[in-house]
Amino acid sequence: MQPIPTEFDTPTYRDVLAQLDAAAEWLSLDRNIWGRLRLPQRALCVTMPIRMDNGDVCVYQGFRVQHDSSLGPTKGGVRYHLGVDLGEVAALAMNMTWKCALVGLPYGGAKGGIRCNPKEMSRGELQRLTRRYTAEILPLIGPDHDIPAPDVGTNEQVMAWMMDTYSQQRGYAVPGVVTGKPICIGGSLGREEATGRGVVYITIEVLKHLGIEAKGTTAVVQGIGNVGSVAARFLCSAGIKVTGISDSSCGVYNSHGLDITDVISYKRSRYTLEGYPGAEMITNEALLELECTILVPSALSGQITEDNAKRLRCRMIVEGANNPTTRGADEILRERGIFVVPDILANSGGVIVSYFEWVQDLQKYFWKEKEINERLHEVITTAFNKVLEFSTSENIDMRKASMANAIKRLADAHLVRGLYP
Ligand code: GLU
């Protein structure tokens, strides 16, 4: 195989590539297709001069990467974070390709990002940055081409600005250009909660498989953003005791179970978990090592490493975040018999309901929330059980089984479409 081009060569890209290589080798994948899938189809780097509130002009860097469009338009979130670089965005775009293929959506994978700290920016600065970024990537996006969505550091307001900027250029409203937007401009009921909801649907399937009673069992959630907070809430509704949860600066722990609604409202009003009464404060590192049945990493990538994997005291991991587990850690978890549901399956609820949103926008016909949640349940549990069956019959772990299923679908599409020209 060709060496990784220096532009993409980052730890996250190497981890994602290692997962592809392991599954491709196991599948004895056609080497031409394998080589093709190791690199993204398109990558755009942009820079954006933004007028800050104090009058200065600050130049930001952004990216949009489309990994593979053989199954349909590309799809994937936009991330605002200081750690964003081309290699990370390319890795996450590749992840989206596998995710969409695995759960049977007619999409390829894409990802976008801006290197910035949205927490330190005013609403006006964020709006100007988002609009200029959208203008810069305009040639690449569109409802039939590439459809952005929220990711780390972005939300439905950011999507509304993207939709508006794109629509202003076209001269009419184009709701299908982004998903995860507010309901009043064509967003879907259930989209905001979809990723966390999907994580819990999967968790319940794993508990059934392992023969563990949900009621009274314990869970620890890393992250209290869109995915972590919703997952924690629904875990509690399923009778599971959430004993620990964290934000980017610290975690809270209570062996009797936390009052999650209260923790979330504390975080919302004070923007931090620090000082939360009725729980012990712990570090994010210690939180991951708490004894529990279910561990849900739903923050950033690279959290479960070769170093801490041997100290984890959970029975199963449901990856709410993208790439939370490094390659080396994965092997340790496998040896230790910890059941891991990989990100491309565990957090696919978001893009599944994004797909429903896009379909509703294109048809201009909107569904009831109950129908959306039922369809999400059906798609995600069917995919989970298919992967579980495959992993059992082939005696491989859930990550390899997920990757193999996804890659097989892409390989079929590439083979039958052939090469252009
Ligand atoms: N950013 C989410 C993900 O990583 C959602 C992507 C989407 O809805 O297009 O899956």
Side-chain angles (χ1 to χ4, degrees), residues 12 16 63-69 71-81 84 88-114 118 137 140-143 145-156 158-159 162-163 175-182 186-199 202 223 225-228 230-231 297-301 318-324 341-361 372 376 379-380 383 402 406:
T12 324
V16 170
F63 310 92
R64 183 75 186 169
V65 178
Q66 300 171 344
H67 172 252
D68 186 285
S69 64
L71 291 172
T74 49
K75 184 89 191 79
V78 177
R79 168 173 293 214
Y80 287 2
H81 192 266
V84 163
E88 186 194 55
V89 175
L92 293 165
M94 197 184 282
N95 240 16
M96 285 306 299
T97 300
W98 317 139
K99 198 183 294 187
C100 294
L102 178 63
V103 295
L105 306 181
Y107 289 139
K111 203 77 171 195
I114 302 180
I137 65 164
L140 287 198
I141 60 172
H145 189 176
D146 180 11
I147 307 130
D151 197 84
V152 173
T154 57
N155 54 22
E156 59 168 32
V158 172
M159 292 305 114
M162 290 191 84
M163 178 270 189
V177 66
V178 293
T179 59
K181 39 186 191 297
S188 176
L189 293 166
R191 172 60 186 90
E192 211 180 347
E193 296 179 332
T195 314
R197 193 183 276 278
V199 163
I202 294 260
N226 174 267
V227 184
V230 175
S298 28
L300 291 173
S301 61
V318 185
E319 294 183 340
N322 289 316
N323 302 315
V341 186
D343 49 3
I344 56 169
L345 181 57
N347 70 32
S348 62
V351 74
I352 293 171
V353 179
S354 271
Y355 168 61
F356 298 161
E357 178 174 334
W358 179 73
V359 168
Q360 293 172 84
D361 288 337
I372 289 160
L376 165 62
V379 174
I380 206 165
S402 301

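Positions are given from 1, in the same order as the sequence printed here. Indexing begins at 1, ligand by ligand and atom by atom, following the structure's order.
N95 places no side-chain N or O within donor-acceptor distance of the main-chain N or O of W98, the cut-off being under 3.5 Å.
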Which donor-acceptor pairs under 3.5 Å do the side chains of residues 99-112 make with protein atoms, sequence neighbours left out?
| unit_1 | atom_1 | unit_2 | atom_2 | d |
| --- | --- | --- | --- | --- |
| K99 | NZ | N322 | OD1 | 3.1 |
| K99 | NZ | N347 | OD1 | 2.7 |
| K111 | NZ | D151 | OD1 | 2.8 |

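The shortest non-hydrogen separation linking I344 to S402 is CD1-CB, 3.8 Å. Of all non-hydrogen atoms in S188 and V353, the two that sit nearest each other are OG-CG1, 4.2 Å.
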Are there any N/O pairs under 3.5 Å between ligand 1 and the protein, and if so, what are their distances?
| unit_1 | atom_1 | unit_2 | atom_2 | d |
| --- | --- | --- | --- | --- |
| ligand 1 | 1 (N) | P150 | O | 2.9 |
| ligand 1 | 1 (N) | D151 | OD1 | 2.7 |
| ligand 1 | 4 (O) | K99 | NZ | 3.2 |
| ligand 1 | 4 (O) | K111 | NZ | 3.0 |
| ligand 1 | 4 (O) | D151 | OD1 | 3.4 |
| ligand 1 | 4 (O) | N322 | ND2 | 3.1 |
| ligand 1 | 8 (O) | R191 | NH2 | 3.1 |
| ligand 1 | 8 (O) | S354 | OG | 2.6 |
| ligand 1 | 9 (O) | K75 | NZ | 2.8 |
| ligand 1 | 10 (O) | K99 | NZ | 2.7 |

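When the side-chain contact (heavy atoms from CB on, under 4.5 Å) test is applied to P150, the partners found at least two apart in sequence or on another chain are T154, M159, R191. Applying the side-chain contact (heavy atoms from CB on, under 4.5 Å) test to L189 and every residue at least two apart in sequence or in another chain returns I183, E369, I372.
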